[in-house]
Trainee: 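First the structure, then my questions, so here it is.
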Amino acid sequence: MKRLRLLLFPFSVLYGSVTFLRNWLFDAGILNSKKPTAPSICVGNLSIGGTGKTPLVDFLISKLMAEKSIVVISRGYGRKSRGFRAVEINDSSENVGDEPLLYKQKYGNEIEVLVAESRVEALTKLAVKSNTVLLFDDAFQHRKIKASLNIITTTFSDPFMEDYLLPAGNLRESKSGLKRADLVVITKCPTSISEEKKFSLINSVQAIHSIPVFFSRIRYKSPIGFGSLKEMKSKKVLLVTGIARPEILENDLKSTFEAIVTFSFSDHHQFDRKDIQAIHRKFDTFASRDFIILTTEKDYVRLRSHVSEWEMESYPWFYLPIEIEIDNEIEFLNKVNQYVRAL
């Protein structure tokens with residue numbers, strides 16, 4: 001790995017020069033950033049891959065929607081359509097992307113979800129209400145938008161402070177980009193963390209930029225059946241994933257299930273009929289039928305439409321909802337509300 005990084009380092013220098021110049025042009029005002037008229041929160045990261053942005057956006061929706069009109073704006077990563085689109089409950093992930101569809105199906109007409117490559121275009125087509133809060137999903141590098149509050153997520157196991165620029169590492173831009181952020185949330189933390197480890201991570205972040213650091217962990221809710229079984233009694237699972245770092249989920253589930261067989265696809269994989277058939281063939285090879293098929297909530301919105309009614313009656317499909325817990329949640333929400341109420 002070290003040798004590969006050394007070989008790729010010259011390309012990282014080139015990539016870093018390009019991103020540095022782009023950021024400098026925005027910082028100097030040569031390229032313009034648009035500040036929304038409504039309070040806005042951007043949840044982003046400095047690294048590629050799954051850093052826990054989606055559960056945090058979901059958390060913010062659930063905490064703010066009682067008092068605010070929530071509009072989620074996303075690029076709609078992985079969709080086959082282009083341009084601006086308002087997400088409907090009965091949309092497909094192919095048209096709007098899995099994360100926007102997940103938000104819309106979970107909260108329905110209580111929130112508005114928009115997808116557009118250009119978030120500025122989305123703003124021009126949005127009728128902003130007096131109590132609106134805009135949530136920008138994965139727009140930290142979209143410098144044409146200047147959000148009121150920027151939250152960076154990074155995982156406990158692979159913090160950006162220990163990473164390198166693409167392609168030698170996974171950083172989208174230099175670590176100094178953190179200076180545009182207001183809060184950091186370290187995600188996917190283990191159940192218990194020593195104060196010494198917390199102190200070390202906080203120091204690593206604040207050595208770059210002195211901003212508040214919070215810790216969060218995933219809490220798995222009861223699996224929901226959408227196949228032949230509605231109640232899960234089995235402790236053996238065929239785990240179907242199309243997410244980044246599925247091994248983290250697999251390790252987390254080892255304490256709950258006695259046997260886990262993983263069937264992994266690439267991150268944001270758009271499932272089709274051949275994939276579903278391959279999954280069922282794998283399930284049929286088990287000598288014991290005392291298994292269920294378990295997938296993630298994000299994968300559910302991408303694969304559900306490809307599972308026929310007959311297959312749902314024949315196979316025990318479940319999906320696993322998740323939510324996050326944030327240490328010092330009240331303090332975190334107080335800081336979020338300071339920005340939300342500032343406009």
Side-chain angles (χ1 to χ4, degrees), residues 22-23 25-26 31-45 48 50-51 53-62 64-65 68-151 153 172-173 180 242 267-271 297-305 339-340 343:
R22 177 177 180 272
N23 282 327
L25 291 171
F26 276 104
L31 296 179
N32 294 323
S33 295
K34 180 179 178 63
K35 188 171 183 178
T37 56
S40 53
I41 302 170
C42 170
V43 177
N45 56 19
I48 60 173
T51 60
K53 296 185 303 296
T54 303
L56 181 57
V57 171
D58 180 71
F59 174 87
L60 290 168
I61 293 171
S62 68
L64 297 174
M65 63 186 296
K68 300 293 181 179
S69 176
I70 304 297
V71 180
V72 180
I73 301 177
S74 170
R75 179 178 57 165
Y77 183 84
R79 65 184 174 125
K80 296 179 181 178
S81 64
R82 296 189 62 80
F84 172 84
R85 185 184 180 105
V87 180
E88 303 293 341
I89 294 174
N90 59 355
D91 255 318
S92 68
S93 61
E94 288 89 347
N95 286 332
V96 299
D98 53 0
E99 289 148 352
L101 185 58
L102 172 62
Y103 304 138
K104 188 64 178 179
Q105 289 187 344
K106 188 167 185 176
Y107 295 102
N109 293 328
E110 295 182 80
I111 67 169
E112 191 171 355
V113 183
L114 308 175
V115 293
E117 290 86 359
S118 169
R119 277 65 157 195
V120 174
E121 178 187 4
L123 287 179
T124 62
K125 297 185 178 182
L126 174 66
V128 177
K129 302 175 185 176
S130 60
N131 65 336
T132 294
V133 172
L134 306 176
L135 281 176
F136 291 100
D137 185 0
D138 194 15
F140 189 67
Q141 282 76 34
H142 196 79
R143 295 293 308 271
K144 292 182 179 180
I145 290 291
K146 186 177 178 66
S148 312
L149 171 67
N150 282 290
I151 304 175
T153 61
R172 295 173 167 184
E173 60 175 298
R180 304 195 310 274
D267 193 19
H268 293 280
H269 178 75
Q270 289 294 348
F271 293 90
E297 194 169 19
K298 279 208 300 185
D299 291 316
Y300 166 74
V301 300
R302 279 183 272 119
L303 63 76
R304 167 65 185 83
S305 62
Y339 287 92
V340 168
L343 290 177

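These figures come from a predicted structure and were not determined experimentally.
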Trainee: To the nearest 0.5 Å, what is the distance between CG (Leu56) and CD1 (Ile61)?
Mentor: 10.0 Å
Trainee: Judged by atom type as modelled, is there a donor-acceptor pair below 3.5 Å linking the side chain of Ser40 to the main-chain atoms of Leu134?
Mentor: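 No; judged by distance alone, with no hydrogens or angles, the pair does not exist.
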Trainee: Checking side chain to side chain contact (heavy atoms under 4.5 Å, CB included) for the pair Leu31/Arg143: CA distance, chi angles, key distance, verdict?
Mentor: CA-CA 9 Å; Leu31 296 179; Arg143 295 293 308 271; over 6 Å; no
Trainee: Looking only at non-hydrogen atoms, find the nearest pair between Asn45 and Gln141 and report the distance.
Mentor: O-NE2, 2.9 Å
Trainee: Can you name the nearest heavy-atom pair linking Tyr339 to Ser148, along with the distance?
Mentor: CD2-O, 3.3 Å
Trainee: Nearest 0.5 Å, please: how far is CZ in Arg85 from CG in Leu114?
Mentor: 12.0 Å
Trainee: Please check if the number of heavy atoms outside Lys144 that lie under 6.0 Å from its NZ is greater than 12.
Mentor: no
Trainee: Take Arg172 and Phe140 through the side chain to side chain contact (heavy atoms under 4.5 Å, CB included) test and state the conclusion after the steps.
Mentor: CA-CA 10 Å; Arg172 295 173 167 184; Phe140 189 67; 6.0 Å; no
Trainee: Show, in sequence, the C-alpha distance, side-chain angles and deciding distance for Ile151 and Leu60, and conclude whether the side chain to side chain contact (heavy atoms under 4.5 Å, CB included) test is met.
Mentor: CA-CA 11 Å; Ile151 304 175; Leu60 290 168; 4.3 Å; yes
Trainee: Going by salt bridge (charged side-chain N to carboxylate O under 4.0 Å, His left out), name the residues that satisfy it together with Arg75, two or more places apart in sequence or in a different chain.
Mentor: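 So Arg75 forms no salt bridge (charged side-chain N to carboxylate O under 4.0 Å, His left out) with any residue.
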Trainee: Do side-chain atoms of Glu94 reach the backbone of Ser81 as a donor and acceptor pair under 3.5 angstrom?
Mentor: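 Checked: no pair found.
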Trainee: Should Asp98 and Thr54 be marked as a side chain to side chain contact (heavy atoms under 4.5 Å, CB included) after you check the CA-CA gap, both sets of side-chain angles, and the distance that decides it?
Mentor: CA-CA 10 Å; Asp98 53 0; Thr54 303; over 6 Å; no
Trainee: Which heavy atom of Val301 sits nearest a heavy atom of Leu102, and at what distance?
Mentor: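 For Val301 versus Leu102, the nearest heavy atoms are CG1-CA, 4.1 Å.
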Trainee: Look at the side chain of Arg302 and the backbone N and O of His269, then say whether any donor-acceptor pair between them is shorter than 3.5 Å.
Mentor: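 Such a contact is found between Arg302 side chain and His269 backbone.
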Trainee: For Gly108 and Ile89, work out which heavy atoms get closest and say how close.
Mentor: CA-CD1, 3.7 Å
Trainee: In Å and rounded to the nearest 0.5 Å, what is the SG to NZ distance from Cys42 to Lys53?
Mentor: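 Reported to 0.5 Å precision, the distance equals 10.0 Å.
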Trainee: I need the Asn90 CG to Leu101 CG distance, nearest 0.5 Å.
Mentor: 9.0 Å
Trainee: Can you tell me which residue pairs pass the ring-ring contact (aromatic ring centres under 6.0 Å, His included) test with a partner in residues 74-119, sequence neighbours excluded?
Mentor: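 The answer is Tyr77-His268.
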Trainee: Judged by atom type as modelled, is there a donor-acceptor pair below 3.5 Å linking the side chain of Ser74 to the main-chain atoms of Val115?
Mentor: no
Trainee: Is any side-chain N of the basic residue among Arg79 and Glu99 closer than 4.0 Å to the acidic one's carboxylate O?
Mentor: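 No, no charged N to carboxylate O under 4.0 Å.
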Trainee: Using a strict threshold of under 4.0 Å (side-chain N to carboxylate O), is an ion pair present between Lys104 and Asp91?
Mentor: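 Looking at Lys104 together with Asp91, the answer is no, because their closest N to O distance does not fall below 4.0 Å.
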Trainee: Locate the shortest heavy-atom distance separating Pro100 from Gly76; write the atom from each residue and the value.
Mentor: CG-CA, 4.0 Å
Trainee: Indicate yes or no: at least one non-hydrogen side-chain atom of Val72 is less than 4.5 angstrom from one of Val87.
Mentor: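 Answer no - side chains too far apart.
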Trainee: Once you round to the nearest 0.5 Å, how far does NZ of Lys106 lie from CD1 of Ile111?
Mentor: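 Separation between the atoms: 10.0 Å.
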Trainee: Measure the OG-CD distance between Ser92 and Gln270 for me, rounded to the nearest 0.5 Å.
Mentor: 8.0 Å
Trainee: How would you list all residue pairs meeting side chain to side chain donor-acceptor pair (under 3.5 Å) that involve residues 122-131, not counting sequence neighbours?
Mentor: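 Listed once each, the pairs are Glu121-Lys125.
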Trainee: Of all the heavy-atom pairs spanning Arg119 and Asp138, show the shortest one and how long it is.
Mentor: NH2-O, 2.8 Å
